[in-house]
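In each ligand, atom 1 is the first atom listed, and ligand 1 is the first ligand listed. If you're wondering where the values come from, they're calculated on a predicted model, not measured in any experiment.
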Amino acid sequence: MPNPCYGREWELNHLHCILNYALDNSAFKIVYLQGMTGAGKSRLLATFASQLASAGKRCLAFSYTAPNDSSAPTFSIPCFIKALMSVTELASSRDIRLKIDLIANNVLCALRLRQRLDSNLNRGETDTLSMLSESRLKWLDKQIAQSLIAYANHKGVVAIIIDDAHNLPTNALEFIRLFTSCNTPHAVTFIIASQQKHAFIYPPKWLDHAHIIILRPLDPDAMAQLATHILRCQGKEPQKHREQTADAIKRAQGNPYFLKQLLSDSDPLNALPNALQQFARTCLNAMPCEVARTLKFAASLGQSFNTHQLQQFNDNEQIRAPLCVLHKMLCSGLIKQSDEHFYFIHPLIQEALKSQTKSTDFSWYTYPRHHQPDRRPNKVTSN
Ligand SMILES: Nc1ncnc2c1ncn2[C@@H]1O[C@H](COP(=O)(O)OP(=O)(O)O)[C@@H](O)[C@H]1O
Ligand SMILES: [Mg+2]
C-alpha cells in the first residue's frame with residue numbers, strides 16, 4: 001500500500017503557495033517546519049516532494065537519521081554540495097573539477113569548494129587557504145552558497161529539503177545557515193524541518209525571516225483514517241477493533257507515530273507499547289546520568305512539574321550544576337517550558353519515561369504542602 005498523508009491538506013497547500021510565489025517572483029524562500037517526534041514532518045515532506053516530482057519539478061531532499069519511510073539520503077556537506085552541483089557519487093574527480101570551475105566565481109572560491117568537498121589539495125593550495133582570515137573564509141563560503149543555489153536552480157531544482165536538522169552536527173548547521181542567508185534572485189524554496197531540541201529549542205535567530213509552520217496534531221478524522229489504514233496493513237478488519245482504535249486515537253492525541261505504536265501492540269488496552277518503552281530507554285541511556293535521573297523524577301510527578309519541585313530534587317540528590325541539567329533536559333526535546341512550569345511534550349512520553357522508574361526510586365519525595373495547601377502530602381507514584 002502506498003504511504004498516505006492524511007489531514008495535511010493545509011500544510012501541503014501552504015508549502016505549494018510559498019513555492020509558487022518563489023517561482024513567480026524568482027525569489028529565494030525559507031520555510032521552517034517544526035514538530036515533535038512522530039508528528040509527521042517526514043511524511044509531509046515526502047508527500048510534498050512526490051507531488052513536486054509528479055508535476056515535473058526537481059527537489060533535493062536530505063535527512064539526518066536512518067531513513068524509515070523517507071528515502072532521503074543522509075546529509076553530509078560533500079554529499080549536499082554534489083547534489084547541488086548535479087554530480088553523482090560516481091563522477092570522476094576530473095569531472096568534478098570541471099564542474100567546480102564552471103560554478104565557482106573565482107579561483108579562491110573554486111579552491112574553497114574543493115576543500116568543502118574533501119578533495120585532495122596540494123601543499124600550496126592548503127597553505128593558500130590557511131592564510132585566509134575567518135571572515136574571508138566565511139565570505140567565500142557565502143559566495144559558494146550563492147553560486148550553488150544559482151547552479152541548482154539553473155538545473156531545474158525548485159526545492160531543497162533538510163529534514164531532522166536538530167540532529168545535524170554544528171559544522172553542518174553552520175553550512176546550512178550560509179544558504180539561508182543567501183540573497184539570490186533564484187526561485188528556490190529551502191525547507192528546514194526539526195524537532196524542538198538541541199539548537200532548535202527556540203526557533204534559531206538565523207531563521208527569523210523564515211515562514212514558520214508548526215505541525216499541529218492530526219485532527220480526529222485524519223487519525224481515524226490513519227487507524228483504518230494501519231489496521232488494514234496488518235491484515236485486520238477495522239470494524240472488529242473499534243474499541244482499541246478509539247482508545248488509541250484518544251491516547252495518541254494527534255500524533256501519528258504514537259497511534260501506529262498503540263495499534264501495532266498486541267498487549268491489552270492501557271498497556272504502554274514496547275516501542276515507546278524502548279524509545280524512553282534509548283533517550284535516557286544517551287543522556288548524562290544526572291539528566292536522566294532528573295527526567296525520571298519529573299516523569300514520576302506527572303504531566304507537568306515546576307521549578308520548586310526540581311529544586312527539591314536537586315537539593316536531595318545534590319545535583320552540582322542544576323541549570324546545566326535543566327538546559328540538557330530542554331535540549332532533549334522531551335519537555336517544554338512555560339514560565340516556571342515545565343511539561344512533557346506528550347502524555348505518552350511522560351508515561352514512557354515513568355515506566356523506566358522503580359517504585360522505590362523517589363520514595364523520599366512528598367508533595368510540598370505549601371504548593372497545594374488543600375492537598376495532603378502524597379507520595380510520588382511509580383510503576
Ligand atoms: N499525515 C499522515 N498520514 C498518514 N501517516 C502519517 C502521517 N503523518 C505521519 N504518518 C506516519 O506516522 C509515522 C511518523 O511520521 P514521521 O513523518 O516519521 O514523523 P516525524 O518525521 O515528525 O518524526 C510514520 O510512519 C508516517 O508514515
Ligand atoms: Mg522525521
Side-chain angles (χ1 to χ4, degrees), residues 1-16 31-51 59-75 160-168 172 176 191-201 203 212-234 236 238 245 248-249 251-265 273-276 278-280 282-283 286 332-334 336 344-346 348-349 352:
M1 266 188 234
N3 282 325
C5 185
Y6 303 115
R8 293 294 186 210
E9 292 76 18
W10 184 87
E11 288 81 357
L12 286 166
N13 188 36
H14 200 53
L15 288 172
H16 283 292
V31 178
Y32 174 46
L33 173 69
Q34 188 198 71
M36 74 164 79
T37 179
K41 301 176 293 299
S42 304
R43 183 92 295 269
L44 171 69
L45 294 174
T47 306
F48 181 61
S50 77
Q51 289 177 348
C59 167
L60 300 176
F62 291 87
S63 166
Y64 202 71
T65 33
N68 33 31
D69 64 350
S70 105
S71 52
T74 301
F75 184 92
I160 299 168
I161 296 173
I162 314 284
D163 196 4
D164 288 318
H166 54 272
N167 285 329
L168 288 172
I176 298 285
I191 305 172
I192 295 173
S194 87
Q195 290 175 33
Q196 245 180 312
K197 63 195 284 191
H198 303 323
F200 293 86
I201 300 177
I212 299 185
I213 302 180
I214 298 188
L215 213 49
R216 46 185 180 84
L218 271 190
D219 66 38
D221 284 346
M223 288 292 268
Q225 282 178 291
L226 179 56
T228 304
H229 171 78
I230 295 166
L231 291 170
R232 292 229 164 96
C233 285
Q234 294 170 4
K236 291 182 187 159
T245 304
I249 290 178
R251 288 178 78 200
Q253 296 202 354
N255 184 303
Y257 172 72
F258 293 156
L259 181 66
K260 270 194 167 175
Q261 296 308 332
L262 289 165
L263 289 176
S264 305
D265 215 56
N274 284 332
L276 283 176
Q278 183 56 45
F279 170 81
T282 313
C283 285
S332 73
L334 301 176
K336 283 192 199 177
F344 288 93
I345 55 164
H346 195 283
L348 285 170
I349 296 274

Inset, instruction - Check Gln195 against ligand 1 and report side chain, backbone, both or neither, counting heavy atoms closer than 4.0 Å. - result: neither
Legend entry - ligand 1 versus Arg8: contacting region, heavy-atom distance under 4.0 Å: side chain
Would you say [X] touches ligand 1, if touching means a heavy atom closer than 4.0 Å?
| X | value |
| --- | --- |
| Gly38 | yes |
| Cys5 | yes |
| Leu226 | yes |

Inset, instruction - Would you check whether Ser42 has a nitrogen or oxygen atom less than 3.5 angstrom from a nitrogen or oxygen atom of ligand 1? - result: yes
Legend entry - Heteroatom proximity flag, Thr37 to ligand 1, N/O under 3.5 Å: no
Quick check: closest heavy atoms across [X] and [Y], and the distance to 0.1 Å?
| X | Y | result |
| --- | --- | --- |
| Gln234 | Ser264 | NE2-OG, 3.3 Å |
| Met223 | Leu259 | O-CD2, 3.4 Å |
| Phe200 | Gln34 | O-NE2, 4.3 Å |
| Asn255 | Gly38 | OD1-O, 3.0 Å |

Inset, instruction - Nearest heavy atom to atom 10 (N) of ligand 1 wins, so pick from Pro256, Gly40, Ala46, Gly7. - result: Pro256
Legend entry - Result of checking Asp163, Asp164, Thr74 against Ser63 for side-chain hydrogen bond (donor to acceptor under 3.5 Å, both in side chains): Asp164
Legend entry - Ser42 near the Mg ion (ligand 2) via N/O/S, less than 2.8 Å: yes
Inset, instruction - Please identify which atoms of ligand 1 are closer than 4.0 Å to at least one heavy atom of Met36. - result: 22 (O)
Legend entry - Non-neighbouring partners of Glu9 that pass side chain to side chain donor-acceptor pair (under 3.5 Å), sequence neighbours left out: none
Legend entry - Heavy-atom side-chain proximity of Arg8 to Leu218 below 4.5 angstrom: yes
